[in-house]
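Start at 1 and go down the list; that is how both ligands and their atoms are numbered. Counting from 1, the numbers follow the sequence of the chain as shown. Heavy-atom basis, side chains included; hydrogens, waters and symmetry copies ignored.
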Amino acid sequence: MLATNKELLSVATTEGYAVGAFNIQNLETLLAVVEASTEEMSPVIVAATPSTIRYAGVEYLAGIMKTAAESVPIPMSLHLDHGKNMETVSKCIDAGFTSVMIDGSQLSFEGNISLTKQVVDSAHSKGVSVEGELGRLAGVEEATVEEKEAVLTDPLAAEEFVKRTDVDALAVALGTSHGAYKFKGEPRLDFERLKTIRRKTHIPLVLHGASGVPSWVIEKATKYGAELEGARGIPDKHVKKAVSLGISKINIDTDLRLAFTGSIRELLAGSPKEFDPRKILGSAKTAMKKVITSKMRLFGSSAKAL
Ligand code: G3H
Ligand code: 13P
Ligand code: ZN
């Protein structure tokens, strides 16, 4: 069933679990999300970035995403991830997305508020939910205290941002970053900051850059030739803690890309005579589905759509 992020996240916040937002790039990533969420009976967010929209075209993407949502017995929202301007937001809303993120995190505080508020006014008039972002998802491992403060979300600023924009959800920066190389040393998230933000804001909070870069996925990919030295993600126990402290939407992209790549490498290496795209991509779909299923169990969203 088609749902909005606002609907999914208000239940998740009350019940204390997180909904996974999985980035799709093609039919196979979408099918992996559909199959895992149906089997797990888990609410789910299907997300597409502006670069995926450029790659596939918004109409093609929205077409398969809407078909997916209408065909499953669980609530599924169709979400624009990291929208950067009003034009992309409007294109996605017109195509049938039920939720958009406006990422003004590179702008000044006032610039971010002004762009986000403009998107909120337009999206809310069409029943579409909006996620904003405050703070930046940059690696802060080797940063000084001042540098960290400039990057991580300031709780007082978050309070003001939420009041002035009326966003439905807020992405916060706690020390995670996008991609497969998140930490050189010990993975660390600023949980004290999360606790304060949770106290000062009263809307669902979002964790980006949450991939775990699981060792079994890395081992398979590297066994078949991938070069991923130094890849490191967020340990499951940190994700669990973030959920317990009030994160209710978690974004995953990298872990699916890694599973996709490892599986295709393995299949091509082990079956040199195979050239049927459905067999090659079908194996990748199965590998991604396994990752998505494990995330749903970790986030606590399995069996929440019964
Ligand atoms: O923020 C989301 C992604 O991990 C980066 O996605 O390569 O589709 O822009 P993209
Ligand atoms: P990862 O790169 O950790 O999967 O994060 C994805 C993300 O935040 C998409 O918005
Ligand atoms: Zn992100």
Side-chain angles (χ1 to χ4, degrees), residues 5 9 18-26 28-30 32-33 44-58 60-61 65 77-85 88 92 97 99-106 112 130-141 151-153 167 169-183 187-189 204-214 217-218 221 228 230-236 238-239 242-243 247-262 287-288 291-292 294-296 298-299:
N5 274 13
L9 300 183
V19 181
F22 300 97
N23 285 73
I24 65 151
Q25 286 94 18
N26 56 17
E28 283 70 25
T29 26
L30 175 63
V33 175
V44 73
I45 297 164
V46 177
T49 62
S51 40
T52 297
I53 289 165
R54 282 194 293 278
Y55 172 72
V58 74
Y60 275 105
L61 268 179
M65 286 160 82
S77 104
L78 310 182
H79 178 70
L80 166 67
D81 189 29
H82 293 285
K84 288 278 164 58
N85 51 51
T88 310
C92 290
F97 283 49
S99 172
V100 293
M101 173 187 191
I102 183 69
D103 176 0
S105 61
Q106 303 296 322
N112 190 357
V130 181
E131 174 182 331
E133 175 166 332
L134 192 62
R136 276 181 289 126
L137 292 196
V140 288
E141 215 178 350
V151 167
L152 302 182
T153 307
V167 277
L170 182 69
V172 291
L174 303 172
T176 64
S177 57
H178 290 125
Y181 304 91
K182 300 186 194 296
F183 304 99
R188 201 165 283 148
L189 299 195
L205 299 176
V206 182
L207 187 65
H208 284 245
S211 276
V213 189
V217 174
I218 295 294
L228 294 163
R232 192 147 198 198
I234 312 289
D236 284 359
H238 287 19
V239 170
V243 175
I247 290 288
S248 50
K249 171 175 176 277
I250 300 184
N251 288 17
I252 301 291
D253 187 352
T254 296
D255 283 351
L256 303 186
R257 297 181 187 206
L258 291 169
F260 181 93
T261 304
M288 291 187 289
V291 170
I292 297 166
S294 73
K295 298 292 175 193
M296 288 171 164
L298 176 67
F299 302 165

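Distances below 4.0 Å separate heavy atoms of His208 from the following atoms of ligand 2: 8 (O), 10 (O). The contact set between ligand 1 and Asp81, taken as ligand atoms under 4.0 Å from a residue heavy atom, comprises 1 (O), 2 (C). Which parts of ligand 2 touch Ser211 is read off a 4.0 Å heavy-atom cut-off, strictly below it: atoms 1 (P), 3 (O), 4 (O). Under a 4.0 Å criterion applied to the non-hydrogen atoms of Asn251, ligand 2 contributes the atoms 5 (O), 6 (C), 7 (C), 8 (O), 9 (C), 10 (O). Residue Gly179 has at least one heavy-atom neighbour below 4.0 Å for each of these atoms of ligand 2: 2 (O). Residue-ligand proximity, His178 to ligand 1, at heavy-atom distances under 4.0 Å covers atoms 1 (O). Of all atoms in ligand 2, numbered sequentially from 1 with element shown, those under 4.0 Å from a heavy atom of Asn23 are 9 (C).
Of the protein's heavy atoms, Thr254 OG1, 2.6 Å lies nearest to atom 2 (O) of ligand 2. Of the protein's non-hydrogen atoms, His82 CD2, 3.1 Å is the one closest to atom 1 (O) of ligand 1. Looking only at heavy atoms of the protein, atom 8 (O) of ligand 1 is closest to Thr49 OG1, 2.6 Å. Scanning the protein heavy atoms around atom 9 (O) of ligand 1, the nearest turns out to be Ser51 OG, 2.6 Å. With hydrogens left out, the protein atom closest to atom 3 (C) of ligand 1 is Asp253 OD2, 3.2 Å, a heavy atom. The protein heavy-atom contact nearest to atom 8 (O) of ligand 2 is Gly209 N, 2.8 Å. The protein heavy atom nearest to atom 10 (O) of ligand 2 is Asp81 OD2, 2.6 Å.
Minimum interatomic distance between Ala138 and Ser177 (heavy atoms only, all atoms of both residues): C-CB, 4.2 Å.
At least one side-chain heavy atom of Met288 sits less than 4.5 Å from a side-chain heavy atom of Thr29. The shortest distance between side-chain heavy atoms of Leu152 and Leu174 does not fall below 4.5 Å. Here the side chains of Ile234 and Lys182 are in contact, with some heavy-atom distance below 4.5 Å. By the 4.5 Å heavy-atom criterion applied to side chains, Lys249 and Asn5 are counted as neighbours. When side chains are defined from C-beta on, Val19 does not count as touching Phe299, because their heavy atoms never get closer than 4.5 Å. Between Asn85 and Ile102, the closest side-chain pair of non-hydrogen atoms is not below 4.5 Å. Two residues are said to be in side-chain contact when any heavy atoms from C-beta on lie closer than 4.5 Å; Leu78 and Met65 meet this criterion. The closest side-chain heavy-atom distance from Arg188 to Glu141 is not below 4.5 Å.
Atom 3 (O) of ligand 2 has its nearest heavy-atom neighbour, among Lys182, Glu133, His79, His178, in Lys182.
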task = Quick one: do Asn23 and Asn251 satisfy side-chain hydrogen bond (donor to acceptor under 3.5 Å, both in side chains)? Show the steps, please.
result = CA-CA 8 Å; Asn23 285 73; Asn251 288 17; 5.2 Å; no
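Checked by distance only, ligand 2 and His82 come closer than 3.5 Å through their nitrogen or oxygen atoms. Inclusion of Arg257 in the set of residues having an N or O under 3.5 Å from an N or O of ligand 1 is warranted. Geometrically, ligand 2 and Ile252 share no nitrogen or oxygen pair separated by less than 3.5 Å.
Inside a sphere of radius 2.8 Å centred on the Zn ion (ligand 3), the protein N/O/S atoms present are His82 NE2, His178 NE2, His208 ND1.
Just one residue in the list His208, Glu131, His82 forms a side-chain contact (heavy atoms from CB on, under 4.5 Å) with Asp103, and that residue is His82.
Side-chain N or O atoms of Asp255 include one that pairs as donor or acceptor with a backbone N or O of Val213 at under 3.5 Å. Judged by distance alone, with hydrogens and angles left aside, the side-chain atoms of Thr52 form no donor-acceptor pair with the main-chain N or O of Gln25 at under 3.5 Å. Under the 3.5 Å distance criterion, the side-chain polar atoms of Asp236 are left unmatched by any main-chain donor or acceptor of Val239. A distance-only check finds a donor-acceptor pair linking the side chain of Thr153 to the backbone of Ala173 [under 3.5 Å].
Neither the backbone nor the side chain of Ala180 comes within 4.0 Å of ligand 2, counting heavy atoms alone.
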